[in-house]
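The structure under discussion appears below in the form of structure tokens.
Here is the naming used below: chain letters follow the sequence lines, and residue numbers restart at 1 for every chain. Values in this document were obtained by computation on a predicted structure and should not be read as measured data.
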Amino acid sequence: METVTTQDITVNDLDFIIHYNPDICIMCGSCVAQCSFNAIEVAPQVRKHEPTQEGAKQGHKKKILFVIRQKTDLAHACVGCGMCVKVCPNQALSIEANPESRKNLLARTQGVIKRGGRASSYSLRTLDKIMVGRISQMTDPALDSERHTFDLRAPLGRILKAQDLPLKVDGQSLSLEKNCPPVRWIYPLLFSDMSIGAISTRAWEAIALACAYLNEECHLPVRMCSGEGGMPLKLLKSEQLKYMLLQIGSGHFGWNRIIKSLPLMRTDPAGIIIKIGQGAKPGDGGLLPKKKVAPHIQAIRGVPETALHSPPTHQGLYSIEESVQKMHLSLNAAFGFRVPVVIKCAASLTSVAVYNNLLRDPYHISGGFFLDGLQGGTGAACEISLEHTGHPIVSKLRDCYLTSVAQGLQGQIPLWVGGGVGLTGQAAADCFKLICLGANGVFVGKILLQLLGCVGDEHGRCNQCNTGKCPTGICTQDPRLIKRLDIDRGAEAIVNYVLTFDSELKKLLAPIGNSSLPVGRSDALITSDYAVAQKLGIAYAC
Amino acid sequence: MCRIGAIKSTTPFSPKIALELMLPQQEGHDNSGFALVMQDLAGAFVHYKDKPLLSMACTDKGIQLVNAYMEQHGFVQLAQWVPDVCKNQNLNIRAMPRYVFRTYDLPEIYQYRSQAAREDFLLDSRLELRELLSVDNNGYVYSFWPDVLTLKEIGDPYDIATYFHLWDDDSRLLAKNIVVQCRQNTNYDIVRYAAHPFFIQGYTLCANGENTFFTKNMELQKSLHRGYIGFESDSQTFLYSLHYVLHELKWPINYFKHVITPLLPEEAQERPDAKVLALIRKSLANLEINGPNTIIAMLPDSTLVSVCDAKKLRPVVIGRDKNLVAISSEVCGLNAILPHRNLSEDIYTTERELITINNALEVKRWKQ
């Protein structure tokens, strides 16, 4: 019997198998040259030779061909990104996901696996079990989504109870006696926090460009969060700062530059987000691998070339009360109490407690509660965190909303939720259902990258955001890869998607007869899952 | 579908006029009931205008429970009107055994308390009576307020009027204001409390339409005031919003319109009170209405109010002559009671209007 070195790794052990057709390959080398993961190579291959008469005389029974071969070591395993397929002029390559892969196990013999992307818990999506079931039929008229005027705005900022508003009756009018906390009135879709560093300058610019275009040309007040790490000085000093929420993460990266820029700012930012946690990896801090800390990132963040770890928590904050009194207050004060300061947490069994504390805070100083669910994306996380920590967003949102209802405090601290919004491509449906369950708005990140060309998915494709080798030029700082991303085309895709989102949102509002956002209108939803109906307090239908 | 109406006159009139306003609109409602609230009474209660009048329908046991309660709490009965009912078996009415319309003197201690304290006491008493009678379905308390009488019943409005002899004007049941509605049905159960007009502390309201933001309205209102209960009908929330804005917040009535149908942000920005409007919209977002609704309300001073949803999906029309103004879902109702009015003076309340009619029959159109 032939001996076999059974412990060797072959393509059958990997997540993706590349099929190669040498008959149509012209050996141009493009596929090998473009592969940022170095997963394929040109290699000699011995073939059986059918000799010519002359060759037979010389005894040649074999020949050597050069072929494209998939590497089999784990460090160079194909991630399925498909760029080789895209670049091949003759479609000589194809990629197949391997259901028998052993990579998940074998890779752990080489240390903790880190990756980007989302958790692979697609089947857990509750939103797909919910339908908009309360359709206006005779009792009241459905609206015409093309004809009626819709008012799709959501608050960002601390809202006071009506009886606490500083209003004075002045004849037949009311007048304001003193200032109230700042509240922005914005589009219910917010571009989530992805830093310059986690994503490339081009990707960030494309998203920022789309955001500005949507505001200035399409009149949709979409806002974007900077992510932790600051932003270019030019933008901090520009009018477009008003479209931006500045994030302060636990590493406080970029804030030296932001604070120094305060006197130079022509306008106030849309808001400040204090990032406590992230749905994709709750309890974990941010991580920007050294490979992605390029010179321009070092400049923006004011750091040397090194891996940048944001701690799991803001050092010096040990309780929610401290968070409110120290961090919220100081950030409010820094911007003259003109800018809403909001907080972003990973959804957790403790979210209701956090929300209650913010709602009951006597200073009325928290302008929003951002909840990030377990299906949120990340640029870099340990896979064990991605796959095994976190909390689904839907029930947690509902818990928070209902706890505010029970106290008559609903709407006072706007609830914004994210984490898998648009995972199926239909962000408008997700947004609508979440709003009916009590959200004021939603934030999205991953789908923006996907619109820019990211091919990562929940089935293990690519998700190499942490390696600095992103083949689409989105999550990398490698100048050669970055150039693959066409900024204008990317921004255009995002703008067009948001315009479709807007139309689709109206298409869902119109049948339930509403022209403004149905925040908390849980009576519009049904589900055929009895447990979901019970948990969320919506109608069970079958 | 509900059909609603209201009549205000300089001279007291009988419910017969209200019936004449509503019956031509029968094709628009389902003839399932009849309900009215009368205010600024004449007739049997003309000498007791400052005394709280209890309006309820109940069982014999219910009467005993109420009598015991009122005695225990120091109320002294002054006058009552017992309707002379027609027991004809062919009438389509699901009558209760007893109907009570009584005025009371407040317990003596309340003679020395503030108006607000007296109002709260009357509300609390009504809520307790309601709770008391809800056990074993012993009855329904509709209003307990000075100079206000409420009558509601299930059945055909024509037959209900016959049952209570409302067609025969015996001058005992008269008022200068009547708010009326001809449907006892909700879209779901038939519940007496679900029939408009609704009443709380001098505020009366009925509405035509479907409140698509009912859940939002209700969830907030439950925490705003102890009197905001029931919610048997999705239109009750409009009454509570009206009461909250005017009675609790004490804002001018124009702001009721701003609360229930806020301006678009770009429109509001142009207003001198833009900051106030923005604050109100955000703080009372849960009281917005966003479906098809027309509202007719009556305030404690008997001012009538007409207001529509922001898309004017439910119509309402106001007609008048020298001595009488009427609001009606359909113009055919006006034609029945005001056949000789000047049609060109009819007002079709628009989506951005709030119309008030005072006791001098002055009609004010306020543009939002």
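Within 6.0 Å of atom CZ in B:F121, more than 12 heavy atoms from other residues, nucleotides or ligands are found, so the atom counts as buried in its surroundings. Other residues, nucleotides and ligands place no more than 12 heavy atoms under 6.0 Å from the CD atom of B:E131. Around atom OH of A:Y540, more than 12 heavy atoms belonging to other residues, nucleotides or ligands sit under 6.0 Å away. Taking a 6.0 Å sphere around CG of A:D144, one finds it holds more than 12 heavy atoms contributed by other residues, nucleotides or ligands.
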Dump the intermediate steps for side chain to side chain contact (heavy atoms under 4.5 Å, CB included) on A:R153 and B:L264, then the final yes or no.
-> CA-CA 10 Å; A:R153 300 285 188 278; B:L264 291 170; over 6 Å; no

Could you list the donor-acceptor pairs under 3.5 angstrom formed between side-chain atoms of residues 159-174 of chain A and any protein atom two or more places apart in sequence or on another chain?
from   : atom 1 : to     : atom 2 : distance (Å)
A:Q163 : OE1    : B:Y244 : OH     : 2.6

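When the candidates A:I512, A:L176, A:V519 are compared by the number of heavy-atom contacts under 4.5 Å with chain B, A:V519 comes out ahead. Ranking A:G411, A:P141, A:P155 against chain B, the residue ahead of the rest is A:P141, based on heavy-atom pairs under 4.5 Å. Ranked by non-hydrogen atom pairs under 4.5 Å with chain B, the options A:L143, A:L409, A:N514 are led by A:N514.
Close approach to chain A, defined as a heavy atom under 4.5 Å from one of its heavy atoms, is seen in B:T215, B:K216, B:E219, B:L220, B:S223 of residues 215-226 of chain B, taken by number. At a heavy-atom cut-off of under 4.5 Å, chain A is reached by B:L279, B:I280, B:R281, B:K282, B:S283, B:L284, B:N286, B:E288 from residues 279-288 of chain B, listed in order of number. Contacts of residues 300-312 of chain B with chain A at a heavy-atom distance below 4.5 Å involve B:K311, listed in sequence order.
Looking at A:T149, the atoms closer than 4.5 Å to chain B (heavy atoms on both sides) all sit in the side chain, from C-beta outward.
If you check the side chains of B:N290 and A:S515, you find a donor sitting under 3.5 Å from an acceptor.
Using a 4.5 Å heavy-atom cutoff, the side chains of B:L313 and A:D140 are not in contact.
Salt-bridge check for B:E210 with A:R134: passed, with a basic side-chain N closer than 4.0 Å to an acidic carboxylate O.
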